[in-house]
Amino acid sequence: MQIHQSLDEDEQDFQSTTYLGRPIAILNRSGRWHVYLDHILQHNVVFATAENAIVWLIERVDQGVSARLN
């Protein structure tokens with residue numbers, strides 16, 4: 001799986017891809033990584049590193065967890 005950057009090559013504040021057919025993305029705001037599953041921000045979930053955010057998203061997709069609007 002390759003993460004695609006939507007900004008400049010040096011800019012890594014937003015990354016997105018699809019995993020098993022589901023869109024996932026991470027966004028860095030003020031040093032905290034927010035996660036999006038199926039284009040929906042997952043509220044109350046933030047991470048200190050991009051790697052932890054990606055692992056969390058992949059685990060949710062592997063478990064078949066649906067994105068929720070809260």
Side-chain angles (χ1 to χ4, degrees):
M1 177 181 70
Q2 181 179 357
I3 296 290
H4 303 283
Q5 295 181 9
S6 67
L7 303 175
D8 295 333
E9 193 63 26
D10 294 331
E11 193 71 54
Q12 296 193 17
D13 288 338
F14 180 79
Q15 300 172 25
S16 66
T17 191
T18 55
Y19 177 71
L20 297 179
R22 294 180 68 185
I24 60 173
I26 58 175
L27 172 68
N28 185 344
R29 282 188 99 162
S30 302
R32 297 174 15 171
W33 289 93
H34 299 264
V35 293
Y36 292 80
L37 178 59
D38 299 328
H39 304 290
I40 299 171
L41 174 64
Q42 303 301 292
H43 295 282
N44 302 321
V45 183
V46 293
F47 297 90
T49 67
E51 293 80 14
N52 288 343
I54 293 167
V55 167
W56 185 90
L57 282 165
I58 290 171
E59 288 173 352
R60 293 305 169 278
V61 172
D62 286 345
Q63 294 169 0
V65 174
S66 64
R68 300 161 109 200
L69 289 172
N70 292 330

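Note that these values count all heavy atoms, side chains included, but never hydrogens, waters or copies made by symmetry.
There is no path of hydrophobic side-chain contacts, each under 4.5 Å, that joins V65 to L20. Clustering ILVMFWY residues whenever any of their side-chain heavy atoms sit less than 4.5 angstrom apart, transitively, puts W56 in the very cluster that holds L37. The cluster map of Ile, Leu, Val, Met, Phe, Trp and Tyr, joined by side-chain heavy atoms under 4.5 Å apart, puts V55 and I26 in different clusters.
Remark: I24 CD1 to I58 CD1 distance equals 5.5 Å, nearest 0.5 Å. Once rounded to the nearest 0.5 Å, the distance linking OG1 of T49 with CZ of R32 reads 13.5 Å. From Y19, atom OH reaches atom CG of D62 across 3.5 Å, with rounding to the nearest 0.5 Å.
Listed by chain and number, the residues in a salt bridge (charged side-chain N to carboxylate O under 4.0 Å, His left out) with R22 are D38 (sequence neighbours excluded).
Taking the six-membered ring for Trp and thresholds of 30 and 60 degrees, Y36 and F14 have ring planes more than 60 degrees apart, a perpendicular arrangement.
The closest donor-acceptor contact from the side chain of Q42 to the backbone of I40 lies under 3.5 Å.
A53 and W33 make their closest contact through CB-CB, 4.1 Å (heavy atoms, listed as atom of the first residue, atom of the second, distance).
Side-chain contact between V35 and F47: present, with at least one pair of heavy atoms (C-beta onward) separated by less than 4.5 Å.
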